[in-house]
Amino acid sequence: MKVGVFDSGIGGLTVVKSLLEHQLFEEIIYYGDTARVPYGIKDKNTIIRYGLEAVEFFKNFELDLIIVACNTVSAYALNEMREIATCPVYGVVKAGAIATSNSIASKDSNILILGTNATVKSKAYEKQLLKHGFKNIQAKATGLFVPFVEEEIFSGAILEATFTHYFSGIQKPDAVILGCTHFPLITHALQNYFGDSTKLIHSGDAIVEYLEKVFRFDKKFPNPEIKFFASENPDALKSIAKKWLTI
Ligand code: DGL
């Protein structure tokens, strides 16, 4: 199968990493809208428009499916993208809620959603989590993590200071949904902050778990062909991909 992976920028590489670890696809076309990132501070109509443009871009490739790695786009634009796409389109929000439900037994558990401003404002995760019976849901927009990750700041005092800034009034969560492509890169620091008893939910692993239920993957592809496209500076995307994916 040939998959298109869409993100607002480089963050979606965390989803590609999960796809590679599970060896699901023969060919991966990655498109990052690096010229217009971040999406998380933009409004609904702009996010939908960018999502639709990504579907048009992918029409050049005869894909079997599109994965919207970007949580912000998944929260706002999936229905519109599906209307114009010539293949199925899957987003990470529903998959993230299912993964939370699969790994957290008690519906009384405290779930903390982290995401961009737009994702948190959309309440897309809340809507999905409520369907699974969760009632104790907190959400926090933590957009500052995005530029930190882009700067490859994955630990240290400056990141710790933002944890204190964002989380000092937060009830200790049983699970944290990493509702932004960039956040898996600070998993280690977040796990240290919240402690080992807090389960972190990774969008990339969640979408893999979800797709494995929807499709029958009979074959593994240990060496898929990956093509990277970006709306600005594709070479920068490729060199980050080399580092983050160690390909
Ligand atoms: N890719 C976005 C997301 O997952 C984060 C970066 C942005 O704001 O565009 O929500």
Side-chain angles (χ1 to χ4, degrees), residues 1 3 5-7 11-25 28 65-76 78-79 82 88-116 119-120 122-140 142 145 170-221:
M1 287 221 283
V3 65
V5 178
F6 171 53
D7 184 47
L13 294 171
T14 57
V15 171
V16 173
K17 193 166 197 306
S18 299
L19 300 180
L20 292 177
E21 277 163 9
H22 291 81
Q23 306 180 347
L24 298 188
F25 297 102
I28 300 174
L65 77 150
I66 294 171
I67 296 175
V68 180
C70 183
N71 286 259
T72 306
V73 177
S74 299
Y76 284 98
L78 273 193
N79 290 340
R82 282 178 179 144
V89 181
Y90 293 94
V92 287
V93 173
K94 186 175 175 187
I98 293 174
T100 308
S101 178
N102 288 342
S103 56
I104 301 293
S106 167
K107 299 299 178 195
D108 293 325
S109 299
N110 196 301
I111 314 294
L112 172 62
I113 302 154
L114 303 183
T116 62
T119 299
V120 168
S122 76
K123 297 203 181 293
Y125 271 108
E126 274 98 329
K127 282 175 208 151
Q128 293 293 331
L129 289 168
L130 287 170
K131 284 188 203 163
H132 290 279
F134 292 105
K135 300 171 280 287
N136 297 322
I137 306 168
Q138 313 172 84
K140 188 84 194 160
T142 55
F145 297 162
I170 291 273
Q171 235 183 302
K172 185 177 160 49
D174 300 301
V176 176
I177 298 183
L178 305 175
C180 170
T181 47
H182 290 58
F183 300 173
L185 285 145
I186 53 167
T187 294
H188 194 66
L190 284 168
Q191 193 77 70
N192 272 345
Y193 182 86
F194 288 114
D196 286 342
S197 60
T198 296
K199 171 93 186 154
L200 303 188
I201 309 291
H202 183 309
S203 295
D205 295 342
I207 192 80
V208 165
E209 203 180 307
Y210 183 76
L211 292 175
E212 279 179 332
K213 295 229 165 72
V214 176
F215 295 99
R216 263 225 337 261
F217 293 98
D218 298 329
K219 236 173 119 180
K220 292 275 179 200
F221 298 96

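Only a predicted model underlies this, so the values are computations on that prediction, with no experimental measurement involved.
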What pairs of donor and acceptor atoms, side-chain ones from residues 13-22 against any protein atom, are under 3.5 angstrom apart with sequence neighbours left out?
residue	atom	partner	partner atom	Å
T14	OG1	G11	O	2.9
T14	OG1	T181	O	2.7
S18	OG	D205	N	3.3
S18	OG	D205	OD1	2.9
H22	ND1	S18	O	2.9

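- With L129 as the fixed residue, the side-chain contact (heavy atoms from CB on, under 4.5 Å) test singles out one of I177, N136, V93: I177.
- For Q138 (side chain) and Q171 (main-chain N/O), a donor-acceptor pair under 3.5 Å exists by modelled atom type.
- Here ring pair (Phe, Tyr, Trp, His ring centres under 6.0 Å) pairs that include residues 174-197, with residues two or more places apart or in two chains, are F145-F183, F163-Y193, F167-Y193, F167-F194.
- For S197, the side-chain contact (heavy atoms from CB on, under 4.5 Å) partners two or more places apart in sequence, or in a different chain, are K172.
- For the salt bridge (Lys or Arg N to Asp or Glu O under 4.0 Å) condition, the pairs that include at least one residue of residues 211-220, sequence neighbours left out, are R216-D218.
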Original post:
Can you check side-chain contact (heavy atoms from CB on, under 4.5 Å) on F215 and L65, steps first, answer last?
Top reply: CA-CA 11 Å; F215 295 99; L65 77 150; 4.0 Å; yes
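- No side-chain heavy atom of T100 sits under 4.5 Å from any side-chain heavy atom of H132.
- Counting only heavy atoms from C-beta outward, the side chains of S101 and K107 approach each other to under 4.5 Å.
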Subject >> Test log, rule side-chain contact (heavy atoms from CB on, under 4.5 Å), inputs Q23 and F217 >> reply: CA-CA 10 Å; Q23 306 180 347; F217 293 98; over 6 Å; no
With a 3.5 Å cut-off and sequence neighbours excluded, list the donor-acceptor pairs that the side chains of residues 67-76 form with protein atoms.
residue	atom	partner	partner atom	Å
N71	OD1	Y125	OH	2.5
T72	OG1	T116	OG1	3.0
T72	OG1	T119	OG1	3.2
S74	OG	V68	O	3.1
S74	OG	C70	O	2.8
S74	OG	V92	N	3.2
Y76	OH	A118	O	2.7
Y76	OH	S122	N	3.4

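- K135 is listed as a side-chain neighbour of D108, based on a closest heavy-atom distance under 4.5 Å.
- Side-chain N or O atoms of Q191 include one that pairs as donor or acceptor with a backbone N or O of T198 at under 3.5 Å.
- For S109, the side-chain contact (heavy atoms from CB on, under 4.5 Å) test picks out I104, S106, I111, D174, with sequence neighbours left out.
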